[in-house]
Undergrad: 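Could you have a look at this structure, given as structure tokens, before my questions?
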Amino acid sequence: MNLAKIRKASERLDPNRYVTFKSRLHHERVAAVLGIALGVSFTVCFVTGVISHVIQYPPSWYSWPSRPAGFYRVTQGVHVATGLASVPLLLAKLWVIFPKLFEWPPINGVAHFLERASLPPLIGGGLFMLATGVANINQWYFFPFFFPAAHYAMSYVTIGALIVHVGAKGGIARAQVSRSRDEDGTDNAERTDGSLTRRGFLYGVFGTSGLVTLFSIGQSFTPLGKVAYLAPRRPHVGPQGLPVNASAKKAGVIQAANADDFRLRVEGRVDKPLTFTLDQLRSLPQHEATLPISCVEGWSQSADWRGVRVRDLMAMAGAPDGAQARVESLEAGGLYNRSTLNRHHVADADTLLALELNGETLHIDHGYPCRLIGPNRPGVLQTKWVHRMVVV
Ligand SMILES: Nc1nc2c(c(=O)[nH]1)N[C@H]1C(S)=C(S)[C@@H](COP(=O)(O)O)O[C@H]1N2
Ligand SMILES: [Mo]
């Protein structure tokens, strides 16, 4: 076989002989604008996601600070908002670049190969991240794997592929957007056939993305709480004006939380282990703090808490300076029945074992008789129905 024959055979295989993409919207410039927007939203989403992961699984050399008190609330709100805003952007981008998947010849040199090889992990990873994220904020676990581990692992695959993709296409994208008009000069000319202009299409996509954000951001940005139509939970709806993630019934603590039998134990690396009844806890100096619950599922809401300072209890028991504390729930099983306070959170004057919420005795679904609340912590680490504090 000679070269001419191979070329001939290749031409016959070219899918573009059989499919044609007529829309003017399948265009490099549209792909570039959407690509840049996605590059930004995915990067912000990745960084805020890694922050959340590091707080929950801290490496030994790192301890997340307790201040600013509402910082985690912001990072998590931004994480979920950028993820949701990316959904219309990614779907639009896939539609715009769809004809490129039929590019012929499929591989055209090493650089081209690398660029094309990064597409399956980029597209697959992007769709996976957004689909599992949306399912998680709706507590819809239709998949057989553990959400946090899979979502976290895939984020590295996706961001790695994104870096390769930006390396390959970043220059082209920049050139496309810095060009003042399309090369044919007709992009935004009046359409006599009534079809969409490229600019009109982009307005539509960004408008959709903006509306998705507007109608969901209120789940953590409470001034927009009234229009959080797309949010699975409203920040004000729930007992004592606060949503509930796991009810007492679901956690199986209704019997155990009987106030007369309740004891709080402070033990572990202390001089003298202590035990308190609920009345004894109430007679200790009480402290008030306004702090948010910031759920990793995207909702957050500020509330007024009142209770005993963790550092006071540790001092009474004679815990060493700089110690950490593991806080344990009456809830027998589950993944969220304990959390650890690092030295910053132990020392913070606003880290409380709360007995009251918004001026009332804690509702059982919020952790009665006693729950942990501290500044700048993910909701999942604000353990409810606390009965034991182990100094470690
Ligand atoms: N023991 C226990 N504490 C828990 C949970 C749990 O399932 N069990 N869920 C956590 C999660 S995910 C969140 S967001 C907050 C919610 O607190 P709230 O129900 O008081 O709003 O509690 C946390 N504390
Ligand atoms: Mo949560």
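Indexing begins at 1, ligand by ligand and atom by atom, following the structure's order.
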Undergrad: Please state which protein non-hydrogen atom is closest to atom 7 (O) of ligand 1 and give its distance, to 0.1 Å?
TA: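 Here the nearest protein heavy atom works out to Ala246 CB, 3.4 Å.
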Undergrad: Counting both backbone and side chain atoms, is some N or O of Lys384 under 3.5 Å from an N or O of ligand 1?
TA: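 Lys384 vs ligand 1: N/O contact under 3.5 Å present.
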Undergrad: Quick one: which ligand 1 atoms are inside 4.0 Å of a heavy atom on Cys295?
TA: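 With Cys295 as reference, the close atoms of ligand 1 come out as 14 (S).
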Undergrad: For atom 12 (S) of ligand 1, which protein heavy atom lies nearest, and how many Å away is it?
TA: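 The protein heavy atom lying closest is Asn245 ND2, 3.5 Å.
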Undergrad: Within the 4.0 Å heavy-atom shell around Ser329, which atoms of ligand 1 are there?
TA: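 Ligand 1 atoms under the 4.0 Å threshold to Ser329: 1 (N).
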Undergrad: List ligand 1 atoms under 4.0 Å from His366, heavy atoms only on the residue side.
TA: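 By the 4.0 Å cutoff, the relevant atoms are 18 (P), 19 (O), 20 (O), 21 (O).
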Undergrad: Quick test of your reading of the model: are Glu356 and Arg282 salt-bridged, counting only N-O distances below 4.0 Å?
TA: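 Not counted as a salt bridge, because no side-chain N and carboxylate O are separated by less than 4.0 Å.
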Undergrad: Which protein heavy atom lies closest to atom 23 (C) of ligand 1, and at what distance to 0.1 Å?
TA: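 Result: Gly379 O, 3.2 Å.
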Undergrad: To which protein heavy atom is atom 21 (O) of ligand 1 closest, and what is the distance rounded to 0.1 Å?
TA: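 Checked against all protein heavy atoms, atom 21 (O) of ligand 1 sits closest to Pro243 O, 2.5 Å.
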Undergrad: Distance under 4.0 Å to a non-hydrogen atom of Arg371: what atoms of ligand 1 satisfy this?
TA: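 Reading through ligand 1 atom by atom, the close ones are 15 (C), 17 (O), 18 (P), 20 (O), 22 (O).
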Undergrad: Can you spot which of Ser300, Ser294, Ser302 makes a side-chain hydrogen bond (donor to acceptor under 3.5 Å, both in side chains) with Arg73?
TA: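 Result for side-chain hydrogen bond (donor to acceptor under 3.5 Å, both in side chains) with Arg73: Ser300.
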Undergrad: Run Leu281 and Leu355 through side chain to side chain contact (heavy atoms under 4.5 Å, CB included) and show every step you take.
TA: CA-CA 9 Å; Leu281 279 180; Leu355 305 172; 4.2 Å; yes
Undergrad: What residue and heavy atom of the protein are closest to atom 1 (N) of ligand 1, and at what distance?
TA: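 I find the closest protein heavy atom is Glu331 OE1, 2.8 Å.
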Undergrad: How far is atom 16 (C) of ligand 1 from its nearest protein heavy atom, and which residue and atom name does that atom have?
TA: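 In this structure, atom 16 (C) of ligand 1 has Ile293 CG2, 4.0 Å as its nearest protein heavy atom.
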Undergrad: Of the non-hydrogen atoms in Ile172 and Ala168, which two are nearest, and what is the gap between them?
TA: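 Taking every non-hydrogen atom into account, CD1-O, 4.2 Å.
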Undergrad: Is the His26-Trp95 ring centre distance short of 6.0 angstrom?
TA: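 When the ring centroids of His26 and Trp95 are compared, they turn out to be within the sub-6.0 Å range.
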Undergrad: I'd like to know if Lys169 pairs up with Glu115 as an ion pair, taking the criterion as any Lys NZ or Arg NE/NH1/NH2 lying under 4.0 Å from an Asp or Glu carboxylate oxygen.
TA: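 The answer is yes: the pair qualifies as a salt bridge.
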Undergrad: Ignoring hydrogens, what is the shortest heavy-atom contact between Pro378 and Ile55? Give both atom names and the distance.
TA: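 Smallest heavy-atom distance, with atoms named: CD-CG2, 3.6 Å.
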Undergrad: Which atoms of ligand 1 are found less than 4.0 Å from any heavy atom of Gln382?
TA: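 Heavy-atom distances to Gln382 below 4.0 Å select 22 (O), 23 (C), 24 (N).
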Undergrad: I would like to know whether Arg116 and Asn108 meet side-chain hydrogen bond (donor to acceptor under 3.5 Å, both in side chains); could you show each step before the answer?
TA: CA-CA 10 Å; Arg116 305 257 319 176; Asn108 183 9; over 6 Å; no
Undergrad: Taking the basic N atoms (NZ, or NE/NH1/NH2) and the acidic carboxylate oxygens, is any pair closer than 4.0 Å for Glu11 and Lys8?
TA: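 Between Lys8 and Glu11 there is no salt bridge, as every charged N stays at least 4.0 Å from the carboxylate O atoms.
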Undergrad: Does any N or O of ligand 1 fall below 3.5 Å from an N or O anywhere on Trp299, backbone included?
TA: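 Checking ligand 1 against Trp299, no N or O pair falls under 3.5 Å apart.
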Undergrad: Would you mind running through ligand 1 and noting each atom that sits below 4.0 Å from a heavy atom of Thr383?
TA: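 Answer for ligand 1: 3 (N), 24 (N).
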